[in-house]
Amino acid sequence: GAGVSQTPSNKVTEKGKYVELRCDPISGHTALYWYRQSLGQGPEFLIYFQGTGAADDSGLPNDRFFAVRPEGSVSTLKIQRTERGDSAVYLCASSLVGGPQETQYFGPGTRLLVL
Amino acid sequence: AQSVAQPEDQVNVAEGNPLTVKCTYSVSGNPYLFWYVQYPNRGLQFLLKYITGDNLVKGSYGFEAEFNKSQTSFHLKKPSALVSDSALYFCAVRPPYSSASKIIFGSGTRLSIRP
């Protein structure tokens, strides 16, 4: 079946603008995760959804970052007043029900460049 | 603090030789351990995981990893390297308690296999 998909694959924006990044998880997966990967580093956790609710948003760096998953499937990561330091690859992952033993399956990522 | 260390930024191996990519972790309790591989401009692909049981875990593409509790290590191995194994490899850990939603990644090791 289809894996996790993310759009757009690349996004270039100017400092101060608003951006939305979309994630479409594997069908039937109730758990969805967002990570951010800066150049030369491993992915860092941002937020975890169980169904429609954000079960853990401890990784969001500040209040410019927000994510929603209104119908428990597609999720959108929203970044307000973008800064150059927000430039990174934003990865989305999903798993079946969110248990710690489960494998998280990752999408190809959205590469965000803030000029 | 929970953490994962990949002490080598790069590992170079000749094709046909065995390879080892090192990983050590620091987590309370019995962790869940993962290896992921990242090819250029692609998302993370799951290779294998250790949950419990046999310390030697076999995964995709002929890779295996050995869990060593006393050394808190989870090194990735392959008996005979292929040029196509060249990629970026991430070790990751997930704390065992059910409220832990996120995966903690190492900084990655770039594996280069020369013909």
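Residue numbering restarts at 1 for every chain, and letters A, B, ... go by the order of the sequence lines. Every heavy atom of this structure was used, including side-chain atoms; hydrogens, water molecules and symmetry mates were not.
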*Looking only at non-hydrogen atoms, find the nearest pair between B:Arg94 and A:Tyr33 and report the distance.*
NH2-OH, 3.3 Å

*Of all of A:Gly107, A:Gly109, A:Pro43, which one pairs up most often with chain B through heavy atoms under 4.5 Å apart?*
A:Pro43

_Is it the case that over 12 heavy atoms from other parts of the model lie below 6.0 angstrom from the CD atom of B:Gln10?_
yes

_Contact class of A:Gln41 relative to chain B, heavy atoms under 4.5 angstrom_ = backbone

*Contact class of B:Gln38 relative to chain A, heavy atoms under 4.5 angstrom*: side chain

*Taking A:Gln37, A:Arg111, A:Gln101 one by one, which has the highest count of heavy-atom pairs under 4.5 Å against chain B?*
A:Gln101

_Verify same cluster id: B:Leu88, B:Ile113 (apolar side-chain graph, 4.5 Å)_ = no

_If you take the centroid of each ring, where Trp contributes its six-membered ring, are B:Phe105 and A:Tyr35 closer together than 6.0 Å?_
yes

*Could you tell me which portion of B:Ile51 (side chain, backbone, both or neither) has an atom closer than 4.5 angstrom to a non-hydrogen atom of chain A?*
side chain

*Common cluster, B:Ile104/B:Val37, ILVMFWY with side-chain heavy-atom separation under 4.5 Å*: yes

*Can B:Leu111 be reached from B:Phe34 by stepping across I, L, V, M, F, W or Y side chains whose heavy atoms are under 4.5 Å apart?*
no

*Do A:Gln104 and B:Tyr36 touch side chain to side chain, with heavy atoms closer than 4.5 Å?*
yes

